[in-house]
Amino acid sequence: MKKQEKIFVIGHKNPDTDSICSAIAYCDIKNRTTQDSKYIAKRAGQINEETEYVLNRFGVQPPGYLSNIGTQVKDMDIRLSPEANKSMSLKNAWDLMQENSIVSLPIREKDGTLEGLITIGDIAKTYMDTTDSYLLSRARTQYQRIAETIGGKVVEGNGHGYFVQGKIMVATANPDKMKEYVEENDMIIMGNREEDHLQAIEQNVSCIIVGLGIEVTEKVLKLAHEKDIIIISSPYDTFTISRLINQSIPVKYIMKTENLVTFNTEDFTDDIQDVMIKHRHRAFPVIDKKGKCIGTISRRNFLDMHRKKVVLVDHNEKNQAVDNIDKAEIMEIIDHHKLGTLQTMQPISFRNQPVGCTGTIMYQMYGEQKLEIPPKIAGLLCAAIISDTLMFRSPTCTLQDKMAAGALALIADISIEEFAREMFKAGSNLKDKSPEEIFYQDYKKFIAEGDVCFGVGQISSMDADELKEIKERLLPFMVSECGRHGVSRVYFMLTNIMEQSTELLFYGEGSEEMAVNAFKMQPENGTIYLKGVVSRKKQLIPPLMEAAQMSGSDYV
């Protein structure tokens, strides 16, 4: 069965009820109408109290948090590595690497954790070291591995034992001459002469290797058995045996175990590029979230990375989007705001309607797809419309929003007015929140022509006293916050839902002048009272942007 492609559906940073609920609804629509892809709702920030109340009210889990949509190691074509352990011979490791066309072989514990790394270069270096006659004993090489490497078999002795002392010799001289250079515990490669075999046994060698498939005599086998001497028979000639035998040492003897450069599947590719450049390895082991080594990557993998695919809802501004949005592949945008700064590499489906809420567009999509709206989803979308239109008081509210909310309320079996009061009450319960949490609960950043960067936060409440208290707490915080994240002017809307008005707070050089020019009003006690202004999108941002772009202004 073909694996489904993941596509993330996500709203803007500092998500509001509309961005969260619309993401959930759109995933429901797409997952019921497509088969090749799996749509997954995500959020780009902390859920506020209002949204949390709505999700709990309808028993829906919040989307998972996604702070960065950039490509990660897991988005690369990770080269899966064959099973390899430290006791295998170099020849086995070499054969594995040749069969799988890899240059680096991770060596793993039984539980999958990385224990070491061996490369083609490491093995080649060992082949070139032809003068070390003690290599096999220092590496504590198993006799069985030696037999396998030279294509032979152990015909006498314990093949599971280890060669731990002595050198390797080729015995070509007569028995008398052997006495001069063969020492106890040596490993001797010999021909077919019985007298040579007997002399080696007499000198207490640890192992005798005979080539060309020669069978040793019963006398030799008996004496070797009595002295616990290993006898290995190989079909190869003496030269071939001598050439191959060093390949029998265990991988653990030469594998690297310290200062290994590894990457995790969750690492972002932007963070690992410099490391790859600094360490000129051919391949780097990759560790998954469970701590297991799953394979390797190389610099070549940057050429065929799979960018994450994403659908954006309730925004189309780059500075409001999840971090690294330019590294993702935007598939669709569904929004109800002005055109923003996002760019795509190819044409996409972009649905943008002049309605008060993205949730209204979702309601229309259910109808277009002839899908029944689940009561839980209907409740979420109704809440989104109530929230974004301030229960139909916002000038952004259209007849389509009201009709959609009414139909959704019937499906969800809720009273709009009663539910709205509960929802707004939950959302404006800010007594236990810090000024920073309040400020960024519903905050957006904007850039006007002339590189004027300003941020606007908003709190809506049905309680005038609560708004007054919030104002006292926010004013000092705005002073310290101005200048952060490249924002030179900060504004905050204290919106009274019942009175349909906003008290606009501001701070930063040029912020007062920009507000005065935008609304043609003078501040009173350091703030501007805006009667009838409740919508940031439609009533506040357009005049502020226009004021910021005025040519010849002293404050731009």
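What's counted below: heavy atoms across the whole structure, side chains too, no hydrogens, waters or symmetry copies.
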K.L.:
Any donor-acceptor pair under 3.5 Å linking the side-chain atoms of Ser461 with those of Asp463?
P.N.:
no
K.L.:
In this structure, are over 12 heavy atoms from other groups packed under 6.0 Å from Arg300 atom CZ?
P.N.:
no
K.L.:
Under a 4.5 Å cut-off applied to non-hydrogen side-chain atoms, are Met362 and Val313 in contact?
P.N.:
yes
K.L.:
How many angstroms lie between CD in Gln320 and OH in Tyr443, if you round to the nearest 0.5 Å?
P.N.:
10.5 Å
K.L.:
For Lys537 and Val355, work out which heavy atoms get closest and say how close.
P.N.:
NZ-O, 3.3 Å
K.L.:
How close do Pro285 and Thr296 get, counting heavy atoms only, and between which atoms?
P.N.:
CA-CG2, 4.0 Å
K.L.:
Answer yes or no: does atom NZ of Lys468 have more than 12 heavy-atom neighbours from other residues, nucleotides or ligands under 6.0 Å?
P.N.:
no
K.L.:
Applying side-chain contact (heavy atoms from CB on, under 4.5 Å), run through Thr527 and Lys471 and close with a yes or a no.
P.N.:
CA-CA 10 Å; Thr527 65; Lys471 172 184 175 182; 3.9 Å; yes
K.L.:
For Arg43 and Gly45, work out which heavy atoms get closest and say how close.
P.N.:
NH1-O, 2.9 Å
K.L.:
Regarding Asp314 and Thr358, is there a side-chain donor-to-acceptor distance under 3.5 Å anywhere?
P.N.:
yes
K.L.:
Please round to the nearest 0.5 Å and tell me the distance separating atom NZ of Lys38 and atom NZ of Lys6.
P.N.:
10.0 Å
K.L.:
After noting the C-alpha distance and the side-chain angles of Gln72 and Thr265, does the key distance pass the side-chain contact (heavy atoms from CB on, under 4.5 Å) rule?
P.N.:
CA-CA 7 Å; Gln72 295 171 273; Thr265 52; over 6 Å; no
K.L.:
Just wondering, do Lys327 and Thr269 contact through their side chains at under 4.5 Å, heavy atoms?
P.N.:
no
K.L.:
For residues Pro543 and Ala518, report the shortest heavy-atom separation together with the two atoms involved.
P.N.:
O-CB, 3.4 Å
K.L.:
Could you tell me whether the side chain of Gln458 and the main chain of Asp442 form a donor-acceptor pair under 3.5 Å?
P.N.:
no
K.L.:
Side chains of Ser394 and Thr389: do they bring a donor and an acceptor to under 3.5 Å?
P.N.:
no
K.L.:
Atom CD1 in Ile297, atom OG in Ser104: separation rounded to 0.5 Å?
P.N.:
11.5 Å
K.L.:
Whether the side chain of Gln539 engages the backbone of Gly532 through a donor-acceptor N/O pair (distance < 3.5 Å, no angle test) should be reported.
P.N.:
yes
K.L.:
Above 12 or not: heavy atoms from other molecules or residues under 6.0 Å from CZ of Arg351?
P.N.:
yes
K.L.:
If you define the side chain from C-beta out and look only at heavy atoms, does anything of Phe492 sit under 4.5 Å from Glu503?
P.N.:
no
K.L.:
Are there over 12 heavy-atom neighbours, none belonging to Glu368, within less than 6.0 Å of that residue's CD?
P.N.:
yes
K.L.:
Check whether Asn324 reaches the backbone of Asn68 with its side chain - one donor and one acceptor, N or O, closer than 3.5 Å.
P.N.:
no
K.L.:
Locate the shortest heavy-atom distance separating His279 from Arg299; write the atom from each residue and the value.
P.N.:
O-NH1, 3.6 Å
K.L.:
Any idea how Tyr491 and Phe506 line up, ring-wise: parallel (<30°), tilted (30 to 60°), or perpendicular (>60°)?
P.N.:
tilted
K.L.:
Could you walk me through whether Leu380 and Val54 pass the side-chain contact (heavy atoms from CB on, under 4.5 Å) test, one step at a time?
P.N.:
CA-CA 7 Å; Leu380 297 184; Val54 171; 3.7 Å; yes
K.L.:
Going through the distances and angles, do Lys309 and Ser37 end up as a side-chain contact (heavy atoms from CB on, under 4.5 Å)?
P.N.:
CA-CA 10 Å; Lys309 295 186 175 182; Ser37 302; over 6 Å; no
K.L.:
Do Phe439 and Val490 come close enough that some side-chain heavy atom pair is under 4.5 Å?
P.N.:
yes
K.L.:
Please name the residue in the list Leu312, Ile333, Ile334, Thr344 that meets the side-chain contact (heavy atoms from CB on, under 4.5 Å) test with Phe350.
P.N.:
Ile333
K.L.:
Working to the nearest 0.5 Å, report the span between CZ of Arg57 and CG of Leu55.
P.N.:
12.5 Å
K.L.:
Sub-3.5 Å donor-acceptor pair from the side chain of Arg473 to the main-chain atoms of Ile438, do we have one?
P.N.:
no
K.L.:
Could you tell me if the side chain of Ile414 sits less than 4.5 Å from the side chain of Phe58, heavy atoms only?
P.N.:
yes
K.L.:
May I ask you to check whether Glu422 and Tyr53 show a side-chain donor-acceptor distance below 3.5 Å?
P.N.:
yes
K.L.:
Does NZ in Lys433 sit with more than 12 non-hydrogen atoms of other residues, nucleotides or ligands closer than 6.0 Å?
P.N.:
yes
K.L.:
Under 4.0 Å between a Lys/Arg side-chain N and an Asp/Glu carboxylate O for Lys444 and Glu317?
P.N.:
no
K.L.:
For a quick check under 3.5 Å, do Gln400 and Thr360 share a side-chain donor-acceptor pair by atom type?
P.N.:
no
K.L.:
Determine the interplanar angle of the Tyr26 and Tyr39 rings, folded into 0 to 90°, and report it as parallel if under 30°, tilted if 30 to 60°, perpendicular if over 60°.
P.N.:
perpendicular
K.L.:
Does the pair Asp274/Lys278 count as a salt bridge with the N-to-O cut at 4.0 Å?
P.N.:
no
K.L.:
To the nearest 0.5 angstrom, please state how far the CG atom of Leu381 sits from the CG atom of Asp28.
P.N.:
9.5 Å
K.L.:
Take atom NZ in Lys445; do more than 12 heavy atoms of anything else shown fall under 6.0 Å from it?
P.N.:
yes
K.L.:
Between the side chain of Asp401 and the main-chain N/O of Gly356, is any donor-acceptor distance below 3.5 Å?
P.N.:
yes
K.L.:
Looking at side-chain heavy atoms only, is the closest gap between Val534 and Ile497 below 4.5 Å?
P.N.:
no
K.L.:
Around atom CZ of Arg282, are there more than 12 heavy atoms from other residues, nucleotides or ligands closer than 6.0 Å?
P.N.:
no
K.L.:
Can any side-chain N or O of Lys370 pair as donor or acceptor with the backbone N or O of Gly367 at less than 3.5 Å?
P.N.:
no
K.L.:
Are the side chain of Thr341 and the backbone of Lys318 linked by a donor-acceptor contact shorter than 3.5 Å?
P.N.:
yes
K.L.:
Would the distance check show the side chain of Asn301 and the main-chain N or O of Ser298 forming a donor-acceptor pair, the cut-off being under 3.5 Å?
P.N.:
yes
K.L.:
Side-chain contact test, heavy atoms from C-beta onward, threshold under 4.5 Å: evaluate it for Tyr507 versus Leu475 and give yes or no.
P.N.:
no
K.L.:
Please tell me whether Asn316 and His337 have a donor and an acceptor in their side chains that are separated by less than 3.5 angstrom.
P.N.:
no
K.L.:
Ignoring hydrogens and geometry, is there a side-chain-to-backbone donor-acceptor pair from Asp16 to Ser19 under 3.5 Å?
P.N.:
yes
K.L.:
Rounded to the nearest 0.5 Å, how far apart are CD1 of Ile272 and CZ of Phe263?
P.N.:
4.5 Å
K.L.:
Under a 3.5 Å distance rule, please check whether Arg536 uses its side chain to pair with a backbone N or O of Val456 as donor and acceptor.
P.N.:
yes
K.L.:
Which pair of non-hydrogen atoms, one from Pro375 and one from Ala412, has the smallest distance, and what is that distance?
P.N.:
O-CB, 3.7 Å
K.L.:
For atom CE of Met521, decide whether the heavy atoms of other residues, nucleotides or ligands shown that lie under 6.0 angstrom number more than 12.
P.N.:
yes
K.L.:
Looking at Lys13 and Asp323, is any side-chain nitrogen of the basic one under 4.0 Å from a carboxylate oxygen of the acidic one?
P.N.:
yes
K.L.:
Please examine the side chains of Phe392 and Ile416, heavy atoms only from C-beta on, and report whether any two atoms are closer than 4.5 Å.
P.N.:
yes
